[in-house]
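For reference, the structure discussed in these notes is given below.
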2 protein chains.
Amino acid sequence: MSRDDAVLKALVDFVAHESLAPGDRLPTERILSERLKVSRTTVREALTRWEGLGLVERRQGSGTYLKAAVSRDMLHLPLTLASGNDFRSLMHTLEIRRGLEAEAAALCAKRAGPSELAFIREKLEAMEESFHRRDGMSSEEDWDFHQAIYQASGNPLFAQIIAAMHEMFHRFWEHPLGVHDFGHASFPYHRTIYERVAAHDAEGARAEALKLIATVEADLKRGAANLNLPGLT
Amino acid sequence: MSRDDAVLKALVDFVAHESLAPGDRLPTERILSERLKVSRTTVREALTRWEGLGLVERRQGSGTYLKAAVSRDMLHLPLTLASGNDFRSLMHTLEIRRGLEAEAAALCAKRAGPSELAFIREKLEAMEESFHRRDGMSSEEDWDFHQAIYQASGNPLFAQIIAAMHEMFHRFWEHPLGVHDFGHASFPYHRTIYERVAAHDAEGARAEALKLIATVEADLKRGAANLNLPGLT
DNA sequence: ATTGGAACAATGGTCAGACCAATTAGATCG
DNA sequence: CGATCTAATTGGTCTGACCATTGTTCCAAT
C-alpha cells in the first residue's frame, strides 16, 4: 500500500476516533504530519485527494474543514463528463437537474419534519425579501433555498450531485446569457413548492418543482434565441 | 485563481496542443514544472487531482499516463457514498435513479424517433422473451432496456451518470439481498413505459417509470426486512 | 465604552533541493 | 542469443524555508 493511502486510512480512523462531524475543523497539516509520522508533503497529497472528492475544504489562513461524513468503507465515484459551455450542454445539465429536483421535492414532502420545514421557510422568506427589495432574483438566496430542500430530502446524494452541477452553472447563473430578469418567472414556484412540501403532498411538490424548472428552461431558450448562442438547435 | 488550478488549465492546453490520446505518456513532472514555470510540488498537486478524478494514472519509475480524454470544459462529479452494503445507501442510490429514470422516460417520449423506438422495442422483447423462458428477470436484458431509454433521451448525461452508479452496486443488482425473484414485480412496467414512450406521452411515461421504481423499492424493503440488514430504519 | 485599525500569530500554498523506490533501457558477460 | 547486472529515469517522500490569506489581539482615537 502506498504511503498516502495509508495516511488516508489513518485519517479516517482519526476522524472516527475524534468523532468529527461535517463542518468541524481538523488539525493543521503540520500537526497531522507530526502525529502520523509522515512529512507534511504526504499529508498534503492525501488531503488533496480528499478535497478532490469533496470530502474536505481547505481555507488558506483558516484551516481544513470536514465537508462530509467519512467512514472506512466508502465508495468513490469520480465521474467526469465532457461537457461544453454551449447551450446544448447547459440544457442537458438542466434536464438532469429537473429529474433530481422533482425527486428531491417529493422526498422532502414525505420526510421533512418541523425543524426542516422551519429551515426551508426561513430560506424562502429570505429569498422573497431579497426579491422585493432588489426587484430581481438573487442567485445566492435562490441557491440557499434549493439546498435546504436537498438537505431535507434525507438523501445526501442529491446535494452532492446538484452541488457539482451548480458549479458548472455558476458562471451562467450570475448573468446568464445577459438576460437581466433571468429567473423572474421561477419566483412564485418557490413558495408553491414550499406549500406542497409543508402539506406533505409528495406528488404536488414534484409537480411544482417541474413547473419551476420549466420556467428556467423557457428563460434559457429565450436568452439563447436572442444571442444566437452556439449549439442552439 | 489558485496556482494549481492554473496548472490544470495549462495541462489541458498542453494535452490539446500535443493531441495526446488516452494511453499516451505525459512529460515527466520535472519537465512539466520547468515548462509551466512552477515548482514540481505544484505540478504534483495538480496531477494528484487528476489522478483522483481517474483522468490519469501514475506509475513509479515509468511515468504518468493519460487514462481518459480531457477537455477544457469538464464537469467533475465526485460522488462518495458509504459502502453499498447497507440498506440505507442502496435506497439512496435508488432514489437518485428514480429521479433520473422518470426524467429520461419523459424526454424519451418527447424525442424518440422511429429508429430509437424500434431499438427500444427490440430490447423490450428480448427482455420479455428471456423472462418467459427462464421465468425470472434477467438483470442483463433489463439493463439493456433501460440503457436504450437513456440513449433515446437525447441527453448523454443520463447514460453516463446511471452507468457509473450501476457499476457501483452491480453486485447487489445480481441477487440483491438474496431475494430470488427480485424485480419480478417490475416486469410489466417495462412494457407500459414503452407504450407511453411510443405514444409520445411524456407525463405518462414519467408516471410509469415512477411505478417501476416503486416496485423495486418495495422488493428491496421486503428483502431488507427479511434479513435484518444493518441500516434498516 | 465602542470602534477602527495596526501588529501579530496561525494556517494553507508554493518553492527549492535532496534522497528513496520502482521501473526501464542498455551494457555486459556467459 | 539470452540472461543478468548496471545505470539512468521517473514517480514518491522528506526537509526546511518563505509567501499569502485569515483570524485574533490589543491599543489608540473618538
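Within every chain, numbering begins at 1; the chains are lettered A, B, ... in the order of the sequence lines, protein sequences first and strands thereafter.
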Side chain to side chain contact (heavy atoms under 4.5 Å, CB included) with [X]: which residues, sequence neighbours excluded?
X        : answer
A:Ala152 : A:Cys108, A:Ala112, A:Glu116, A:Ile120
B:Ser33  : B:Arg40, B:Val43
B:Ala209 : B:Glu101, B:Ala105, B:Ile193

Note to self: With a 4.0 Å limit, can you tell me whether A:Thr42 has a side-chain N or O closer than that to the phosphate oxygens OP1/OP2 of D:dC14?
What the structure shows: yes
Checklist line | Contacts of type salt bridge (charged side-chain N to carboxylate O under 4.0 Å, His left out), residue B:Glu95, not counting sequence neighbours | finding: A:Arg111
Notebook entry, point to check: What pairs with A:Glu195 under salt bridge (charged side-chain N to carboxylate O under 4.0 Å, His left out), at least two apart in sequence or on another chain?
Noted result: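 Scan of A:Glu195 (salt bridge (charged side-chain N to carboxylate O under 4.0 Å, His left out), adjacent residues dropped) gives none.
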Note to self: Applying ring-ring contact (aromatic ring centres under 6.0 Å, His included) as the test, list every pair that has at least one member in residues 145-164 of chain B; sequence neighbours left out.
What the structure shows: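 Every ring-ring contact (aromatic ring centres under 6.0 Å, His included) pair that includes a residue of residues 145-164 of chain B, provided the two are not neighbours, is B:Phe145-B:His190, B:His146-B:His190.
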Next item on the list: State which residues pass ring pair (Phe, Tyr, Trp, His ring centres under 6.0 Å) with A:Tyr189; sequence neighbours excluded, sorted by chain then number.
Entry: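 Result, ring pair (Phe, Tyr, Trp, His ring centres under 6.0 Å) vs A:Tyr189: none returned.
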Distances under 3.5 Å between protein N/O atoms and the N/O atoms of nucleotides 5-9 of chain D, please, pair by pair.
none

Margin query: How bent is the helix from C:dA1-D:dT30 to C:dG30-D:dC1, measuring the angle between the end axes built from five pairs each, rounded to 10°?
Written below: 0°
Check: Under the side-chain hydrogen bond (donor to acceptor under 3.5 Å, both in side chains) test, which residues partner A:Glu128, sequence neighbours left out?
Finding: A:Arg191
Margin query: Under 4.0 Å, heavy atom to any atom of DNA chain D: which of residues 50-60 of chain B qualify?
Written below: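 B:Arg58, B:Arg59, B:Gln60, in order of number.
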Note to self: Can you pull out the residues from residues 14-21 of chain B that lie within a 4.0 Å heavy-atom distance of DNA chain D?
What the structure shows: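 Contacting residues: none.
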